[in-house]
Amino acid sequence: MSAIAIHIDGRPVSVPPGTTILGAARQLGIAIPTLCHVEGFEPSASCFLCAVQIEGRPNLWPSCATPVAPGMAVITNSAEVRAARKTALELLLSDHAGDCVAPCHTGCPAGLDIPGFIARIAAGDNAASARLVTDGLTLPASLGRVCPRLCEQHCRQCDVTEALSIRNLHRFSADYQRQAKSPPPPADPPAPPTGRRVAIVGAGPAGLAAAHHLLGQGHAVALFDAHSQPGGMLRYGIPAFRLPRQVLDAEIQAIRALGAEFHLGRRLGRDLALDNLRRDFDAVFLAIGAQGSRSLGCPGEELATSALEFLETIADGFPPAIDGDVIVVGGGNTAMDASRCAVRLGARSVRVLYRRTRREMPCLMEEVEAAEAEGVQVEFLVAPARLERKEGKLNLICQRMELGPPDASGRARPVPVPGSEFALPATCVIAAIGQHVKTDGLDHSQLALSKWGIAADPKTLATNLPGVFAGGDAVSGPDLAVRAVAAGKLAAVAIHQYLAGQKVVGTPPLASVMMGKLSEAELAVLLRDIEQAPRAPMPHLPLEARRTTFDEVELGFSLETATRESRRCLGCGCGKAVPCRLRQVATEYGVDPQRFVGERRLFTRDTSHPDIIFEPGKCILCGACLQVAAQAGEELGLSFAGRGFQVSVAPPFHRPVAEALRQSGRRAAEVCPTGAIMLKSAGCAGCRLA
Ligand SMILES: Cc1cc2nc3c(=O)[nH]c(=O)nc-3n(C[C@H](O)[C@H](O)[C@H](O)COP(=O)(O)OP(=O)(O)OC[C@H]3O[C@@H](n4cnc5c(N)ncnc54)[C@H](O)[C@@H]3O)c2cc1C
Ligand code: SF4
Ligand code: SF4
Ligand code: SF4
Ligand code: FES
């Protein structure tokens, strides 16, 4: 038969009769997105993503299922077509029952693949878990000791018993890696050298994370730091009993081993000028942290010792002699750390004064409890009014407070109670009121500043100066180590884009479906596959040793405890989340998965098959798996069940998927365009249930 001539986007093409518009477009090299279309299978035309316009015909047509006709003029990429595709995707996602990314994973600012690494511990593959943790998170052993576990608040196990002990598990994995005689090689070898050089000012968590990821992309990195040792506040702020120095040193050594150059004792503004760094390097990342201490804010404040200076002298190995009564003013991590150090240095009594109540304290409650257990007395609703020296001794005049209406931070504002002043004698008063960003080294650089520190675009960390990026506490003001690590990771992405001459956009988010709270029935499905147990407690150093040494207080999980704890994980998230075609096109089309959200399908999961997991709530009814099963001669196979909006794909007679896809499970996972059928070995839930 003679070929049929048509036009697609104004370009002529002749194809054999029976060819679909999609086939003809591909012949021309015109890309039409598809989802339910699987090459070599009967079209189901269930997704409508391949919709095109045909001149002279009403409506839009699925190009994968529409044969060409003589003289057809097809338009594949008009605004109308794109809008229809976007709507089709939004409708598909409107009742999608599955999380693209586990809630804990979303809760970690640094984006660690939590279900992935936990699954590997549960499967006994500690080397693979360690590799995932060290590749995905800079300083995982250090963060595994000090992070306030932002992820755990989002853990689905909170709705059942208590959150997984995620932080302690990645500490376990990272320690395993550190102690392994021959650590496994990185999953991805570093990129070949690009010949580009980046200067990083500040070797704290933000600078180290940027170095880690830039080196992985083949860029050379030089870190400059004012201190004689790298690590930032992890070394000079956080005491060794929370983060032993050999742990931090080993993690920094691993970054050095990747090729990072360290130039220590070099201060920006004294030994270095930003203009020179811009001239000598291809890009600059400013990660100078928040080094300034706030003072007490009352008369006599100059008589107090700054907590940062106090902690730094201890970190430097020259702890001050302390034998009397110590008062620490403040309610955050720094106050807790300073008070616990004072106990260890032999203070007769240690008091922490905080102007709000226990509930408003900005540090983790376990830090306060640890301090109290070690003998620190924490007093609430007390603020300093005046500090005096009398006969060689300090006298802190304090004022009782009460809580008033919320302030700008949303926390109740402390208000002085009239006539409530009282005096506390002390040998040492330590101010742990807060920090600020010191920008004196940048005075003549024309770098724009904000209310908190250096001004930088939150999406790219680019500053107003071309090629200069900034992140971590230097931009946010005093914050958390994990957020500094996240900033370093983002800076590396943006700097790489800048160096590659690409548009600097940072890391645009992928379209994601999140199920939110699960019903009891849905949770029951997840619980079916796990060993139910209470959260594993962390063993501690005996109290006597805690009060007199700087030895690490939290002793870490044994292999047995870590394995048991990891088996509590419900394996949330999707094992196909990265390569799933549905998520890719949804991202490409900028879909809003919430646009048509109605009542979503019930989340269910069938893990009976040795190779695959079946989560039918993610099915888009393409029918490919039915055809795969039929081709493989499966006795049972899969079929469409239900009617109208309730149609779903399922094994007949409520049989398990293990019986339905005896031979063809792996092939079905390959052709399935979503995470409805995924390989157990692919990740997340997959590994754990393998
Ligand atoms: C006592 C204390 C306890 C803390 N506890 C916790 C905790 O338990 N959990 C948690 O998550 N976070 C904690 N934090 C906060 C956390 O340490 C910081 O958020 C984090 O270290 C910030 O990382 P960064 O890289 O942005 O800055 P930093 O860690 O401050 O590093 C900045 C680096 O820049 C260098 N630098 C500064 N100025 C210059 C200059 N002009 N030239 C050259 N180099 C310069 C500094 O020497 C430093 O090494 C604590 C902080 C303190 C002070
Ligand atoms: S770094 Fe913090 S938030 Fe991220 S996984 Fe570890 S404990 Fe959770
Ligand atoms: S149960 Fe596991 S995967 Fe699910 S949120 Fe908790 S840690 Fe993450
Ligand atoms: S489960 Fe089967 S019908 Fe559903 S999306 Fe996957 S391959 Fe298509
Ligand atoms: S309708 Fe053509 S790819 Fe789905």
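One-based numbering, in listed order, for ligands and for the atoms of each. Just so you know, these numbers use all the heavy atoms, side chains as well, and skip hydrogens, waters and symmetry mates.
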Among non-hydrogen protein atoms, atom 10 (C) of ligand 1 lies closest to Ala481 N, 3.5 Å
Do any N/O atoms on Ala206 end up under 3.5 angstrom from N/O atoms on ligand 1?
yes
Could you pull out the closest heavy-atom pair between Val482 and Cys108, with the gap in Å?
CG2-SG, 4.5 Å
Between CZ on residue Arg235 and CG on residue Asp225, distance to nearest 0.5 Å
10.0 Å
Numbering as shown, the atoms of ligand 2 that approach Ile114 to under 4.0 Å (heavy-atom distance)
5 (S)
So which of Val482, Ile238, Asp337, Val146 gets nearest to atom 13 (C) of ligand 1, if we judge by its closest heavy atom?
Ile238
Closest non-hydrogen protein atom to atom 3 (S) of ligand 4, residue and atom name please, with distance?
Gly623 N, 3.2 Å
For atom 6 (Fe) of ligand 2, grab the closest protein heavy atom and report residue, atom and distance to one decimal in Å.
His170 NE2, 2.2 Å
Under 4.0 Å from any heavy atom of Val201, which atoms of ligand 1 are there?
42 (N), 43 (C)
Could Glu552 and Arg245 be called an ion pair, given the rule that one side-chain N must be under 4.0 Å from one carboxylate O?
no
Please work out, at 4.0 Å between heavy atoms, whether the side chain, the backbone, both, or neither of Leu364 comes within that distance of ligand 1.
neither
May I ask you to say whether Arg340 pairs ionically with Glu367, meaning some side-chain N is under 4.0 Å from a carboxylate O?
yes
Within the structure, does Thr334 bring an N/O atom to less than 3.5 angstrom of an N/O atom in ligand 1?
no
Taking atom 49 (O) of ligand 1 as the reference point, the nearest protein heavy atom with its distance
Asp225 OD2, 2.5 Å
Residues, nucleotides or ligands: over 12 heavy atoms within 6.0 Å of Gln153 CD:
yes
Those atoms of ligand 1 less than 4.0 Å from some heavy atom in Gly232:
29 (O), 31 (O), 48 (C), 49 (O)
Are any of the N/O atoms in Cys147 less than 3.5 Å from those in ligand 1?
no
So for Val671, does at least one of its heavy atoms come nearer than 4.0 angstrom to any atom of ligand 4?
no
OG1 of Thr138 to CD of Glu251, rounded to nearest 0.5 Å, is 9.0 Å
Verdict with supporting geometry, Arg167 and Glu366, salt bridge (Lys or Arg N to Asp or Glu O under 4.0 Å)
CA-CA 14 Å; Arg167 180 183 82 183; Glu366 67 195 32; 3.4 Å; yes
Can you name the atoms of ligand 1, numbered from 1 with element, that are less than 4.0 Å from a heavy atom of Asp479?
15 (C), 19 (O)
Ranked by distance from atom 44 (N) of ligand 1, the top protein heavy atom is Ala226 N, 3.0 Å
May I ask you to identify the nearest protein heavy atom to atom 8 (Fe) of ligand 4, giving residue, atom name and distance to one decimal place in Å?
Cys622 SG, 2.3 Å
Among protein heavy atoms, which lies nearest atom 4 (Fe) of ligand 4, and at what distance?
Cys619 SG, 2.3 Å
Heavy atom of the protein closest to atom 1 (S) of ligand 2 (residue, atom name, distance)
Val482 CG2, 3.5 Å
Side chain or backbone of Arg266 under 4.0 Å from ligand 1, or both, or neither, by non-hydrogen atoms?
backbone
Only heavy atoms count here, so choose which of Leu311, Thr439, Asn333 is nearest to atom 1 (C) of ligand 1.
Leu311
Taking only non-hydrogen atoms of Ile620 and a 4.0 Å limit, the atoms of ligand 4 in range are 4 (Fe), 5 (S)
Before you tell me yes or no, could you show the steps for Ser165 and Phe557 under side chain to side chain contact (heavy atoms under 4.5 Å, CB included), namely the whole-Å CA-CA distance, both residues' side-chain angles and the distance that decides it to 0.1 Å?
CA-CA 10 Å; Ser165 195; Phe557 282 169; 3.7 Å; yes
Which residue, Gln435, Arg294, His436, forms the side chain to side chain contact (heavy atoms under 4.5 Å, CB included) with Pro478?
Gln435
Working for side chain to side chain contact (heavy atoms under 4.5 Å, CB included), residues Ile613 and Glu615:
CA-CA 7 Å; Ile613 297 174; Glu615 293 185 356; 4.0 Å; yes
Could you tell me, atom by atom, which parts of ligand 2 come under 4.0 Å of a heavy atom of Arg149?
7 (S)
Interfacing atoms of ligand 2 (cut-off 4.0 Å, heavy-atom, Cys151)
3 (S), 5 (S), 7 (S), 8 (Fe)
For ligand 1, find out whether one of its N or O atoms is nearer than 3.5 Å to an N or O atom of His227.
yes
Any heavy atom of Leu308 under 4.0 Å from ligand 1? The part involved is side chain
Between Phe241 and Phe550, how do the two ring planes meet: parallel, tilted or perpendicular, split at 30° and 60°?
tilted
Under 2.8 Å from atom 2 (Fe) of ligand 2, can any N, O or S atom of Cys147 be found?
yes
Going by the closest heavy atom to atom 29 (O) of ligand 1, which one wins out of His263, Met233, Arg235?
Met233
Any nitrogen or oxygen of Pro205, main chain or side chain, under 3.5 Å from a nitrogen or oxygen of ligand 1?
yes
For ligand 4, which atoms, with element, lie under 4.0 Å from some heavy atom of Val649?
3 (S)
Atoms of ligand 1, numbered as shown, that sit under 4.0 Å from any heavy atom of Gly472:
26 (O)
Which one holds for Pro148 and ligand 1: side chain close, backbone close, both close, or neither close, with close meaning a heavy atom under 4.0 Å?
side chain
Looking at atom 2 (Fe) of ligand 4, is there an N, O or S atom belonging to Cys625 that lies under 2.8 Å away from it?
yes
Which class fits the ring pair His227 and Tyr236: parallel under 30°, tilted 30 to 60°, perpendicular over 60°?
parallel
Are any of the side-chain nitrogens in Arg666 or Asp611 under 4.0 Å away from the carboxylate oxygens of its partner?
yes
Does Leu286 form a side chain to side chain contact (heavy atoms under 4.5 Å, CB included) with Leu274? I'd like the steps, not just the answer.
CA-CA 9 Å; Leu286 297 173; Leu274 183 55; 4.1 Å; yes
Can you name the atoms of ligand 1, numbered from 1 with element, that are less than 4.0 Å from a heavy atom of Ala287?
32 (C), 33 (C), 34 (O)
Strictly under 4.0 Å, does any heavy atom of Gln435 approach an atom of ligand 1?
yes
For Gly202, counting its heavy atoms only, list the atoms of ligand 1 lying under 4.0 Å from any of them.
33 (C), 34 (O), 35 (C)
Would you check the N or O atoms of Gly231, main chain and side chain alike, for any that come under 3.5 Å of an N or O of ligand 1?
no
Specify the protein heavy atom at minimum distance from atom 39 (C) of ligand 1: its residue, its atom name, and the distance to 0.1 Å.
Ile288 CG2, 3.7 Å
Gln291 and ligand 1 - part of the residue with a heavy-atom distance under 4.0 Å:
side chain
Using a strict 4.0 Å cut-off to heavy atoms of Arg167, name the atoms of ligand 2 that fall inside it.
7 (S)
Look at Arg267 together with Asp271 and state whether they make a salt bridge at an N to O cut-off of under 4.0 Å.
no
With rounding to the nearest 0.5 Å, note down the distance linking CD in Glu39 to SG in Cys64.
10.0 Å
Atoms in ligand 2 with a heavy atom of Leu150 nearer than 4.0 Å:
3 (S)
